[in-house]
Number of protein chains: 2
Amino acid sequence: MTENLTLQMDDYLPLRDVVFNTLREAILKGELKPGERLMEMHLATKLGVSRTPIREAIRMLEHEGLAVTIPRKGAQVAKMTEKDLQDVLEVRDALDALAVVCACERMTDAQFVELKEAMKAFEDATRTDDVRKIVETDEAFHDVIYAAAANPKLENIINSAREQMYRYRYEYVKNPSVYAQLIAEHKTIIDGFDRRDVEFLKKIMHTHLANQINAVREVIREQK
Amino acid sequence: MTENLTLQMDDYLPLRDVVFNTLREAILKGELKPGERLMEMHLATKLGVSRTPIREAIRMLEHEGLAVTIPRKGAQVAKMTEKDLQDVLEVRDALDALAVVCACERMTDAQFVELKEAMKAFEDATRTDDVRKIVETDEAFHDVIYAAAANPKLENIINSAREQMYRYRYEYVKNPSVYAQLIAEHKTIIDGFDRRDVEFLKKIMHTHLANQINAVREVIREQK
DNA sequence: TTTATTAAGATTGAATACAAAGAACAAACA
DNA sequence: TGTTTGTTCTTTGTATTCAATCTTAATAAA
């Protein structure tokens, strides 16, 4: 009689995590701008919690590279310089290469199907005006590859690197003239996996990433 | 008369950072063992602070991969499985390769001198019984290379990967029979930089890392 | 003996309180 | 006018408090 009392205890999340996710989203979407101060009391009242979970969330953002805090002066949304971007891209380039090598070896048939579906979803999204959806489906496409690499540590690190450029990348994707190229590149990537051609894939991934650099750089220049 | 009153206001560190460093050290040195619970009150009284900075430090350890917390149950020192180690090594291998490519391009003469000095310091350290000093000088040698890569983001990520194996690596270095090999490899690395031979360096770094795998794997097996 | 049940204690989650540092602004002085 | 000093207000750092949940150990029931 009481078996359905097993309530949803598993969807409990500490407030610090809720706050963390909220702030993270806000930063990535640009609602909180680079350089903007993160004042504890302000955020606390805005989110309807006390300062304690805010502070813990800020510590987490800090380690994610999304916030910077100066002792006794408080935290602010991390700014990225052009050099920072260059550095992150350099790293991500290397990690993307590793990811395709691993994924090429380890991708299951199911994952390959998933990849083709993700490709389709992205293509569909570009036909809408929903930039958010476009960005998400693009990310999802790459997520499949990273998951196929079957290396959670790698996935984490790539995600954190990705996250650091995300804010700027958003602007890049707003420009519809790049859709055709992105779609073409995704198709080529699928082709590469079909043939399990590692060297080819490494090259493509590199190009794919490099294409973003100038656009993102542009956005960064404007910021300052 | 009063010019030397300028006191050291710059060495202030929030307690959370002090606690973070303390716990981090303790974990890396093995004083806090994998799986050991990190109880807030216990740590707080032991370190003579309140729970607040402890909690913030734990959030930081968490994001460093050194602690894992389960909501409402508390944090514990992160355990590493063999698979985790494999994964981290795979990543580090790729990043090391990137680091030597960058360092090869960008290493200054001063840094090359530094590298040779670090080599010497390590060689000296192996002649003592001070395992701590041996580990430190070995790390310092690699630090010079990473610094020469002139990519702080890369440096950060490598450090965090490095940190995750550090605990296990400690055991490896305790065995004096590996010193000779390590010294030889360091010499070869210097040689590679002298000739700016990127491909050669990539290979050497890979070997250098691979040599540690089995030893560390052994230690991990014992743990469980 | 084994399995449920439950009460007590321990531990984490979150809010609040208080102290200390920093920022902003105004009054005093050159 | 411009600089300096003092005062007040804001904000962060840390400690403390209270509530919720988990663990445990003891007790009761099978």
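Lettering follows sequence order; numbering is per chain, from 1. Just so it is clear, the structure is predicted and the values come from calculations on it, not from any experiment.
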Any T52(A) side-chain N or O less than 4.0 Å from OP1/OP2 of dA14(C) | no
Classify the angle between the aromatic ring planes of F141(B) and H186(B) as parallel (below 30°), tilted (30 to 60°) or perpendicular (above 60°).
-> parallel
When you check the phosphate oxygens OP1 and OP2 of dA15(C), does a side-chain N or O of S50(A) lie under 4.0 Å from one of them?
-> yes
Can you check the Y12(B) OH to dA20(C) C1' distance for me, whole Å?
-> 9 Å
Integer-rounded Å distance: dG13(C) P and R55(B) CZ | 5 Å
Under the salt bridge (Lys or Arg N to Asp or Glu O under 4.0 Å) criterion, do R16(B) and E62(A) qualify, and how do the steps go?
-> CA-CA 13 Å; R16(B) 59 169 176 268; E62(A) 217 177 327; 5.3 Å; no
Heavy atoms under 4.0 Å, any strand shown: does R51(A) hit a base, just sugar-phosphate, or nothing?
-> base
Please give, in whole Å, the distance from dG13(D) C1' to I54(B) CD1?
-> 14 Å
Does R16(A) put a side-chain nitrogen or oxygen below 4.0 Å from OP1 or OP2 of dG13(C)?
-> yes
Upstream residue (5' side of DNA chain C) when P71(A) and R72(B) are each assigned their closest nucleotide | R72(B)
Nucleotide of dG13(D), dT11(D), dT14(D) approaching R37(A) most closely (side-chain heavy atoms) = dT11(D)
Taking the side chain of V49(B) as its heavy atoms from C-beta onward, which of dA15(D), dT11(D), dA15(C) lies nearest to it?
-> dA15(D)
So, is K73(B) near the phosphate of dT23(D), with a side-chain N or O under 4.0 Å from OP1 or OP2?
-> yes
Would you say T45(B)'s side chain and M41(B)'s backbone share a donor-acceptor pair under 3.5 angstrom?
-> yes
